[in-house]
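Any value given below was found using the heavy atoms of this structure, including those in side chains, with hydrogens, waters and symmetry copies removed.
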Amino acid sequence: MSAPSAAPGQREITEFLRSRRARITPKDAGLPLRHGTRRVPGLRREEVALLAGVSADYYIRLERGRVHASDAVLDAVARALALNDTEREHLYTLNRPVRPPAAPMPPQRLRAGLRLALDSVGDVPAMVTGRRLDVLAANRLARALLTDFDALPHRDRNMARFIFLDEAARTLYTYWEQAARDAVAALHLYAGRYPADPLLAELVGDLSTRDADFRRWWADHNVIRRSNGVKYYHHPVAGDLALGYEAFAPVGEQDQTFALHTAEPGSPSELGLRSLAAWTREHLA
(Lines give C-alpha, C1' and ligand atoms only; values in the text may rest on other atoms or scores of the structure.)
Protein backbone atom coordinates (compact mmCIF):
# COMPACT_ATOMS: atom_id res chain seq x y z
CA MET A 1 0.00 0.00 0.00
CA SER A 2 1.40 3.40 -0.97
CA ALA A 3 1.84 6.10 1.66
CA PRO A 4 -0.84 8.79 1.75
CA SER A 5 0.09 11.98 -0.04
CA ALA A 6 0.90 15.03 2.06
CA ALA A 7 -1.76 17.65 2.64
CA PRO A 8 -1.36 20.93 0.70
CA GLY A 9 -0.13 22.75 3.80
CA GLN A 10 2.48 20.08 4.50
CA ARG A 11 3.73 20.16 0.91
CA GLU A 12 4.05 23.95 1.04
CA ILE A 13 6.24 24.05 4.15
CA THR A 14 8.34 21.10 2.94
CA GLU A 15 9.04 22.62 -0.45
CA PHE A 16 9.51 26.13 0.94
CA LEU A 17 12.12 25.07 3.49
CA ARG A 18 13.88 22.86 0.95
CA SER A 19 14.10 25.78 -1.47
CA ARG A 20 15.50 28.07 1.24
CA ARG A 21 18.11 25.45 2.25
CA ALA A 22 19.19 25.04 -1.36
CA ARG A 23 20.16 28.67 -1.78
CA ILE A 24 22.63 28.79 1.15
CA THR A 25 26.04 27.13 1.04
CA PRO A 26 27.82 25.91 4.17
CA LYS A 27 30.39 28.65 3.61
CA ASP A 28 27.64 31.29 3.52
CA ALA A 29 26.30 29.90 6.79
CA GLY A 30 29.72 29.98 8.45
CA LEU A 31 30.06 26.21 8.68
CA PRO A 32 33.47 24.54 8.32
CA LEU A 33 34.16 23.12 4.89
CA ARG A 34 34.38 19.34 4.66
CA HIS A 35 35.94 17.28 1.93
CA GLY A 36 33.85 14.92 -0.15
CA THR A 37 30.88 15.09 -2.49
CA ARG A 38 27.69 16.75 -1.27
CA ARG A 39 24.46 15.17 -2.47
CA VAL A 40 22.29 18.23 -2.00
CA PRO A 41 22.67 21.84 -3.10
CA GLY A 42 23.00 24.20 -0.22
CA LEU A 43 22.57 23.13 3.39
CA ARG A 44 21.65 19.67 4.62
CA ARG A 45 18.75 19.36 7.03
CA GLU A 46 21.18 18.36 9.79
CA GLU A 47 23.17 21.55 9.19
CA VAL A 48 20.07 23.72 9.48
CA ALA A 49 19.24 21.93 12.72
CA LEU A 50 22.75 22.63 14.03
CA LEU A 51 22.52 26.32 13.13
CA ALA A 52 19.05 26.62 14.68
CA GLY A 53 20.02 24.79 17.86
CA VAL A 54 17.48 21.98 17.55
CA SER A 55 17.85 18.25 17.05
CA ALA A 56 18.08 16.90 13.51
CA ASP A 57 15.01 14.74 14.12
CA TYR A 58 12.98 17.74 15.25
CA TYR A 59 13.97 19.82 12.23
CA ILE A 60 13.16 16.94 9.86
CA ARG A 61 9.67 16.68 11.37
CA LEU A 62 9.29 20.46 11.10
CA GLU A 63 10.27 20.43 7.42
CA ARG A 64 7.82 17.61 6.77
CA GLY A 65 4.99 19.58 8.35
CA ARG A 66 4.58 17.14 11.23
CA VAL A 67 5.26 19.46 14.14
CA HIS A 68 4.03 22.94 15.05
CA ALA A 69 7.06 24.71 16.40
CA SER A 70 7.28 27.49 18.94
CA ASP A 71 8.00 31.08 17.92
CA ALA A 72 11.52 30.73 19.33
CA VAL A 73 12.27 27.72 17.14
CA LEU A 74 10.81 29.35 14.03
CA ASP A 75 12.89 32.47 14.68
CA ALA A 76 16.00 30.32 15.00
CA VAL A 77 15.26 28.50 11.74
CA ALA A 78 14.56 31.82 10.03
CA ARG A 79 17.95 33.13 11.16
CA ALA A 80 19.70 29.95 10.07
CA LEU A 81 18.17 30.23 6.60
CA ALA A 82 18.63 34.03 6.39
CA LEU A 83 14.93 34.61 5.70
CA ASN A 84 13.72 38.13 5.02
CA ASP A 85 10.70 39.57 6.82
CA THR A 86 8.17 38.32 4.26
CA GLU A 87 9.72 34.84 4.19
CA ARG A 88 9.75 34.72 8.00
CA GLU A 89 6.07 35.63 8.14
CA HIS A 90 5.37 33.02 5.47
CA LEU A 91 7.14 30.36 7.55
CA TYR A 92 4.99 31.24 10.56
CA THR A 93 1.87 30.96 8.42
CA LEU A 94 2.88 27.63 6.92
CA ASN A 95 3.63 26.14 10.34
CA ARG A 96 0.25 26.90 11.86
CA PRO A 97 -2.31 24.10 12.05
CA VAL A 98 -4.35 23.92 8.85
CA ARG A 99 -8.06 23.57 9.48
CA PRO A 100 -10.25 22.62 6.53
CA PRO A 101 -12.74 25.41 5.77
CA ALA A 102 -16.21 24.79 7.15
CA ALA A 103 -17.66 25.76 3.77
CA PRO A 104 -16.34 26.86 0.38
CA MET A 105 -15.27 30.50 0.31
CA PRO A 106 -18.04 32.58 -1.24
CA PRO A 107 -17.26 34.64 -4.37
CA GLN A 108 -15.83 38.04 -3.55
CA ARG A 109 -17.87 41.13 -4.23
CA LEU A 110 -16.94 44.79 -4.28
CA ARG A 111 -19.04 46.90 -1.95
CA ALA A 112 -20.86 49.79 -3.61
CA GLY A 113 -18.92 52.51 -1.83
CA LEU A 114 -15.58 51.03 -2.79
CA ARG A 115 -16.71 50.77 -6.40
CA LEU A 116 -17.70 54.46 -6.38
CA ALA A 117 -14.31 55.34 -4.89
CA LEU A 118 -12.58 53.35 -7.63
CA ASP A 119 -14.56 55.03 -10.40
CA SER A 120 -13.89 58.46 -8.92
CA VAL A 121 -10.17 57.97 -9.50
CA GLY A 122 -10.26 59.25 -13.04
CA ASP A 123 -6.76 60.59 -13.66
CA VAL A 124 -4.69 57.45 -12.99
CA PRO A 125 -5.19 53.69 -13.43
CA ALA A 126 -6.71 52.03 -10.35
CA MET A 127 -8.05 48.56 -9.59
CA VAL A 128 -9.14 46.25 -6.79
CA THR A 129 -7.81 42.71 -6.68
CA GLY A 130 -8.94 39.88 -4.45
CA ARG A 131 -7.94 36.32 -3.71
CA ARG A 132 -5.51 34.64 -6.13
CA LEU A 133 -4.90 38.04 -7.84
CA ASP A 134 -8.45 38.01 -9.20
CA VAL A 135 -9.42 41.40 -10.64
CA LEU A 136 -12.63 42.44 -8.87
CA ALA A 137 -12.88 45.81 -10.59
CA ALA A 138 -10.77 48.26 -12.61
CA ASN A 139 -11.41 51.84 -13.64
CA ARG A 140 -11.33 52.88 -17.27
CA LEU A 141 -7.68 53.92 -17.28
CA ALA A 142 -6.58 50.62 -15.73
CA ARG A 143 -8.55 48.70 -18.35
CA ALA A 144 -7.01 50.83 -21.08
CA LEU A 145 -3.50 50.40 -19.69
CA LEU A 146 -3.67 46.63 -19.13
CA THR A 147 -6.67 44.94 -20.74
CA ASP A 148 -10.44 45.32 -20.68
CA PHE A 149 -11.09 42.92 -17.83
CA ASP A 150 -14.82 43.69 -17.97
CA ALA A 151 -14.96 42.13 -21.44
CA LEU A 152 -13.33 38.86 -20.29
CA PRO A 153 -15.04 35.77 -18.85
CA HIS A 154 -14.98 35.87 -15.04
CA ARG A 155 -12.44 33.03 -14.92
CA ASP A 156 -9.95 35.08 -16.95
CA ARG A 157 -10.21 38.25 -14.83
CA ASN A 158 -6.98 37.50 -13.02
CA MET A 159 -3.63 39.28 -13.07
CA ALA A 160 -1.56 36.09 -13.22
CA ARG A 161 -3.57 34.79 -16.17
CA PHE A 162 -3.17 38.15 -17.91
CA ILE A 163 0.58 38.34 -17.35
CA PHE A 164 1.32 34.77 -18.43
CA LEU A 165 -1.34 33.99 -21.02
CA ASP A 166 -2.00 37.27 -22.83
CA GLU A 167 0.72 37.81 -25.44
CA ALA A 168 0.21 41.57 -25.27
CA ALA A 169 1.40 41.56 -21.65
CA ARG A 170 4.89 40.45 -22.65
CA THR A 171 5.44 43.64 -24.63
CA LEU A 172 3.38 45.89 -22.34
CA TYR A 173 5.59 45.32 -19.30
CA THR A 174 9.04 46.73 -19.96
CA TYR A 175 10.41 44.24 -17.43
CA TRP A 176 7.98 41.41 -18.04
CA GLU A 177 10.02 38.74 -16.25
CA GLN A 178 10.10 40.76 -13.04
CA ALA A 179 6.35 41.38 -13.20
CA ALA A 180 5.74 37.69 -13.85
CA ARG A 181 8.00 36.53 -11.03
CA ASP A 182 6.29 38.96 -8.65
CA ALA A 183 2.89 37.53 -9.58
CA VAL A 184 4.11 33.98 -8.89
CA ALA A 185 5.60 35.03 -5.56
CA ALA A 186 2.37 36.78 -4.56
CA LEU A 187 0.42 33.60 -5.35
CA HIS A 188 2.80 31.58 -3.18
CA LEU A 189 2.20 33.98 -0.31
CA TYR A 190 -1.54 33.47 -0.77
CA ALA A 191 -1.04 29.69 -0.92
CA GLY A 192 0.50 29.82 2.54
CA ARG A 193 -2.70 31.29 3.93
CA TYR A 194 -5.14 29.19 1.91
CA PRO A 195 -3.38 25.94 0.95
CA ALA A 196 -6.68 24.10 0.47
CA ASP A 197 -8.28 26.66 -1.86
CA PRO A 198 -9.52 24.59 -4.84
CA LEU A 199 -9.62 27.63 -7.14
CA LEU A 200 -5.96 28.32 -6.40
CA ALA A 201 -5.11 24.70 -7.23
CA GLU A 202 -7.01 25.06 -10.51
CA LEU A 203 -5.22 28.31 -11.36
CA VAL A 204 -1.75 26.96 -10.56
CA GLY A 205 -2.43 23.73 -12.41
CA ASP A 206 -3.67 25.54 -15.51
CA LEU A 207 -0.77 28.01 -15.61
CA SER A 208 1.76 25.25 -14.94
CA THR A 209 0.40 23.26 -17.88
CA ARG A 210 0.27 26.17 -20.28
CA ASP A 211 3.42 28.14 -19.45
CA ALA A 212 6.91 26.77 -18.83
CA ASP A 213 8.08 29.99 -17.15
CA PHE A 214 5.30 29.80 -14.58
CA ARG A 215 6.01 26.13 -13.93
CA ARG A 216 9.71 26.79 -13.36
CA TRP A 217 9.22 29.86 -11.14
CA TRP A 218 6.46 28.22 -9.10
CA ALA A 219 8.99 25.55 -8.13
CA ASP A 220 11.28 28.27 -6.69
CA HIS A 221 8.83 28.94 -3.83
CA ASN A 222 9.69 32.63 -3.59
CA VAL A 223 7.29 34.91 -1.75
CA ILE A 224 6.83 38.65 -1.99
CA ARG A 225 4.57 41.42 -0.78
CA ARG A 226 4.90 44.75 -2.58
CA SER A 227 2.94 47.76 -1.36
CA ASN A 228 4.66 50.46 -3.42
CA GLY A 229 7.29 51.03 -6.05
CA VAL A 230 7.59 51.86 -9.74
CA LYS A 231 6.35 49.89 -12.74
CA TYR A 232 7.44 50.45 -16.32
CA TYR A 233 5.25 50.01 -19.39
CA HIS A 234 5.51 50.36 -23.13
CA HIS A 235 1.95 51.09 -24.23
CA PRO A 236 0.81 51.37 -27.87
CA VAL A 237 -1.20 54.53 -27.12
CA ALA A 238 0.51 56.12 -24.11
CA GLY A 239 4.10 55.27 -25.04
CA ASP A 240 6.77 54.58 -22.43
CA LEU A 241 5.48 55.03 -18.90
CA ALA A 242 7.23 55.03 -15.53
CA LEU A 243 4.39 54.89 -13.00
CA GLY A 244 4.56 54.75 -9.25
CA TYR A 245 2.12 52.45 -7.54
CA GLU A 246 0.57 52.27 -4.10
CA ALA A 247 -1.38 49.31 -2.78
CA PHE A 248 -3.36 49.07 0.46
CA ALA A 249 -6.07 46.94 2.04
CA PRO A 250 -9.49 48.62 2.39
CA VAL A 251 -10.60 48.61 6.02
CA GLY A 252 -13.31 46.03 6.62
CA GLU A 253 -12.60 44.02 3.46
CA GLN A 254 -10.73 40.74 3.79
CA ASP A 255 -8.31 39.65 1.05
CA GLN A 256 -8.84 42.74 -1.10
CA THR A 257 -6.20 45.19 -2.31
CA PHE A 258 -6.84 48.67 -3.71
CA ALA A 259 -3.97 49.59 -6.02
CA LEU A 260 -3.39 52.71 -8.06
CA HIS A 261 -0.68 54.21 -10.21
CA THR A 262 0.81 57.68 -9.95
CA ALA A 263 2.73 59.89 -12.37
CA GLU A 264 5.13 62.73 -11.62
CA PRO A 265 3.48 66.08 -12.46
CA GLY A 266 4.71 67.42 -15.78
CA SER A 267 6.54 64.21 -16.65
CA PRO A 268 6.27 62.36 -19.99
CA SER A 269 4.38 59.65 -18.09
CA GLU A 270 1.73 62.13 -16.98
CA LEU A 271 1.35 63.32 -20.58
CA GLY A 272 1.11 59.69 -21.68
CA LEU A 273 -1.70 59.04 -19.18
CA ARG A 274 -3.54 62.10 -20.50
CA SER A 275 -3.31 60.69 -24.01
CA LEU A 276 -4.58 57.36 -22.71
CA ALA A 277 -7.47 59.06 -20.91
CA ALA A 278 -8.51 60.77 -24.15
CA TRP A 279 -8.38 57.43 -25.94
CA THR A 280 -10.57 55.76 -23.30
CA ARG A 281 -13.31 58.35 -23.74
CA GLU A 282 -13.64 57.21 -27.34
CA HIS A 283 -13.06 53.47 -27.00
CA LEU A 284 -14.16 52.31 -23.53
CA ALA A 285 -17.58 52.64 -21.93
Side-chain angles (χ1 to χ4, degrees), residues 6 8-24 41-42 81-94 105 108 127-136 138 142 145-147 149 152 155-233 245 247 249 255-257 259 261:
Q10 289 178 306
R11 290 197 300 270
E12 278 292 320
I13 192 169
T14 297
E15 294 169 5
F16 175 69
L17 287 174
R18 282 177 179 170
S19 70
R20 301 308 91 173
R21 281 196 290 117
R23 70 181 184 178
I24 300 177
L81 295 175
L83 302 187
N84 62 33
D85 290 343
T86 302
E87 292 170 331
R88 181 187 297 260
E89 179 185 340
H90 188 57
L91 175 60
Y92 268 81
T93 301
L94 292 175
M105 290 186 289
Q108 287 181 288
M127 66 193 317
V128 178
T129 56
R131 304 184 189 108
R132 304 167 295 272
L133 301 182
D134 289 340
V135 177
L136 302 182
L145 175 65
L146 302 173
T147 192
F149 292 104
L152 299 177
R155 180 175 180 269
D156 295 336
R157 298 177 189 179
N158 177 276
M159 283 303 299
R161 287 188 182 278
F162 167 67
I163 291 172
F164 281 97
L165 303 182
D166 191 323
E167 285 299 322
R170 295 179 184 256
T171 55
L172 172 65
Y173 287 96
T174 305
Y175 303 105
W176 177 85
E177 180 174 329
Q178 186 62 59
R181 285 179 176 270
D182 285 354
V184 175
L187 284 178
H188 256 306
L189 199 64
Y190 174 84
R193 297 178 61 197
Y194 300 104
D197 181 357
L199 293 181
L200 173 67
E202 177 189 349
L203 174 64
V204 171
D206 189 34
L207 291 177
S208 296
T209 299
R210 299 173 65 181
D211 191 276
D213 287 329
F214 181 90
R215 184 167 60 251
R216 183 172 67 256
W217 295 333
W218 182 257
D220 290 339
H221 285 267
N222 292 327
V223 291
I224 198 171
R225 177 183 288 110
R226 293 199 188 280
S227 60
N228 59 83
V230 180
K231 293 186 178 182
Y232 298 89
Y233 301 96
Y245 72 92
D255 301 324
Q256 292 189 14
T257 300
H261 278 306

*asked:* Nearest 0.5 angstrom please: Thr129 OG1 to Asp255 CG, how far?
replied: 10.0 Å
*Before accepting this row, confirm whether a basic side-chain N of the pair Lys231/Asp182 lies closer than 4.0 Å to the acidic partner's carboxylate O.*
no
*Only one of Arg161, Arg170, Arg216 forms a salt bridge (Lys or Arg N to Asp or Glu O under 4.0 Å) with Asp211, so which one is it?*
Arg170
*Is the backbone of Leu83 close enough, under 3.5 Å, to the side chain of Arg88 for a donor and an acceptor to pair up by distance?*
no
*Looking only at heavy atoms, which two atoms of Ala185 and Ile224 are closest? And how far apart?*
CB-CG2, 3.3 Å
*Could you tell me whether the side chain of Tyr245 and the main chain of Val230 form a donor-acceptor pair under 3.5 Å?*
no
*According to the interplanar angle, ranging from 0 to 90°, do the rings of Trp218 and Phe214 count as parallel (below 30°), tilted (30 to 60°) or perpendicular (above 60°)?*
parallel
*Answer yes or no: is there a side-chain heavy-atom contact under 4.5 Å between Leu133 and Tyr190?*
no
*Anything under 30° is parallel, anything over 60° is perpendicular, the rest tilted; go ahead and classify Trp176 against Trp217.*
tilted
_Near-ring test Tyr173/Tyr232, centroid separation under 6.0 angstrom_ = no
*Hey, could you give me the CZ/CG distance between Arg23 and Leu81, rounded to the nearest 0.5 Å?*
7.5 Å
_Between CG on residue Asp134 and CE on residue Met159, distance to nearest 0.5 Å_ = 11.5 Å
_Nearest-0.5 Å distance that lies between atom CG in Leu199 and atom CZ in Arg132_ = 4.5 Å
_Quick check: closest heavy atoms across Leu145 and Leu172, and the distance to 0.1 Å?_
O-CD2, 3.3 Å
*Nearest heavy-atom pair of Gly192 and His90: which atoms, and what distance?*
CA-CE1, 3.7 Å
*Could you pull out the closest heavy-atom pair between Ala247 and Thr257, with the gap in Å?*
CB-CG2, 3.8 Å
_Minimum side-chain heavy-atom gap Val135-Phe162 below 4.5 Å_ = no
*Chi angles and distances behind the side chain to side chain contact (heavy atoms under 4.5 Å, CB included) call for Val128, Gln108*: CA-CA 11 Å; Val128 178; Gln108 287 181 288; over 6 Å; no
*asked:* Once rounded to the nearest 0.5 Å, what's the spacing between atom CG of Leu189 and atom CD of Glu87?
replied: 10.5 Å
*asked:* With a 4.5 Å cut-off on side-chain heavy atoms, are Arg20 and Asn222 touching?
replied: yes
*Starting at CG of Asn158, measure out to CG of Leu207 and round the result to the nearest 0.5 Å.*
7.5 Å
*Looking only at atom types and distance, does a side-chain atom of Glu12 sit under 3.5 Å from a main-chain N or O of Leu94, one as donor and one as acceptor?*
no
